[in-house]
Amino acid sequence: MTAPVPTGVPAVSLRGFHATDVPYVAAIVADALHEHYDPSLYASLSGEWPRGFLVAADDRNVPVGFLLGVNQVEGEARVLMFAVERGRRTQGVGSMLMEAFFERCRDRGFRRVTLEVRVSNATAIRFYTRYRYSVIDLLRSYYSDGENGYHMARDL
Ligand SMILES: CC(C)(COP(=O)(O)OP(=O)(O)OC[C@H]1O[C@@H](n2cnc3c(N)ncnc32)[C@H](O)[C@@H]1OP(=O)(O)O)[C@@H](O)C(=O)NCCC(=O)NCCS
């Protein structure tokens with residue numbers, strides 16, 4: 001009898017947001033984005049465009065990352081929140097989320113995706129640049145602690 005071969009990176013699959021995800025998503029947000037939102041925010045935002053809220057779940061169906069996109073401008077999606085649990089980064093989870101999100105945007109006929117990012121967030125800026133986002137504006141004192149942001153966009 002042979003032992004199972006270790007697979008290295010545990011399996012992650014994409015699905016939609018469920019109300020039971022809130023504590024997990026909120027914990028990822030608190031650690032990764034240093035923000036605390038009212039728990040009802042997630043369900044209310046997901047109600048507007050449910051397919052724009054993607055969750056990456058582990059083999060126990062626990063969220064390890066998510067991308068919350070909204071549609072506030074005609075023909076455009078905006079990435080409102082995007083984060084992967086610290087221990088699950090650089091394993092391709094963020095790429096899975098972003099690529100699936102682009103598909104969902106195209107399904108809706110969107111022509112452009114926008115987002116905001118802290119100017120100090122070199123890791124995220126490099127990630128977005130790899131996905132052909134470019135800086136379209138500098139947002140002065142955009143964040144509550146006074147840090148500037150970049151407004152970034154890419155065409156679909
Ligand atoms: C930005 C973020 C979501 C990316 O998620 P991620 O799961 O690490 O993304 P990926 O693993 O797909 O890609 C990250 C890097 O790892 C590399 N990578 C992916 N799979 C890899 C693997 N198996 N082995 C080695 N490297 C790998 C990718 O090439 C990528 O490199 P690059 O960004 O320099 O091009 C994540 O860093 C994060 O949660 N950051 C904190 C929250 C945040 O800043 N969010 C954005 C706010 S605007």
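Only this structure's heavy atoms are used, side chains among them; waters, hydrogens and symmetry mates stay out. First listed ligand is number 1; within each ligand, the first listed atom is number 1. These numbers were taken from a predicted model, which means no experiment stands behind them.
Residue-ligand proximity: Met98 is placed with every non-hydrogen atom at 4.0 Å or more from ligand 1.
Near Glu116, meaning under 4.0 Å from one of its heavy atoms, ligand 1 places the atoms 48 (S). Counting atoms of ligand 1 from 1 in the listed order, those under 4.0 Å from a heavy atom of Val117 are 48 (S). Against a heavy-atom cut-off of under 4.0 Å, Gly94 is close to the following atoms of ligand 1: 5 (O), 6 (P), 7 (O), 9 (O), 12 (O).
A distance of 13.0 Å separates CG of Asn121 from CD of Glu116, quoted to the nearest 0.5 Å. Distance check: Tyr150 OH to Leu139 CG gives 10.5 Å after rounding to the nearest 0.5 Å.
Residue contacts with ligand 1, taken as heavy atom pairs separated by less than 4.0 Å, involve Gln91 solely via the backbone atoms N, CA, C and O. Counting heavy atoms closer than 4.0 Å to ligand 1, residue Leu33 contributes side-chain atoms (C-beta onward) but none from N, CA, C or O. Only the side chain of Asn121 comes within contact range of ligand 1, with a heavy atom under 4.0 Å; no backbone atom does. Residue contacts with ligand 1, taken as heavy atom pairs separated by less than 4.0 Å, involve Arg89 via backbone and side-chain atoms alike.
Where the criterion is an N or O separation shorter than 3.5 Å, residue side chain and backbone included, Gly92 meets it with respect to ligand 1. For the pair Ala83 and ligand 1, the shortest N or O to N or O distance does not fall below 3.5 Å.
The nearest non-hydrogen atom to atom 46 (C) of ligand 1, considering only Tyr150, Tyr128, Tyr131, Phe127, comes from Tyr128. In the candidate list Glu85, Glu99, Met81, Arg130, Arg130 is nearest to atom 28 (C) of ligand 1, counting heavy atoms.
Taking 4.5 Å as the limit, every side-chain heavy atom of Met81 sits out of range of all side-chain heavy atoms of Val25. Annotation: side chain of Phe101 is in contact with side chain of Val113 (closest heavy-atom distance under 4.5 Å). A heavy-atom distance below 4.5 Å is found between the side chains of Val22 and Phe17.
Remark: Arg130 is positioned above the aromatic ring of Phe127, its terminal NZ or CZ atom under 6.0 angstrom from the ring centre and at most 45 degrees off the axis.
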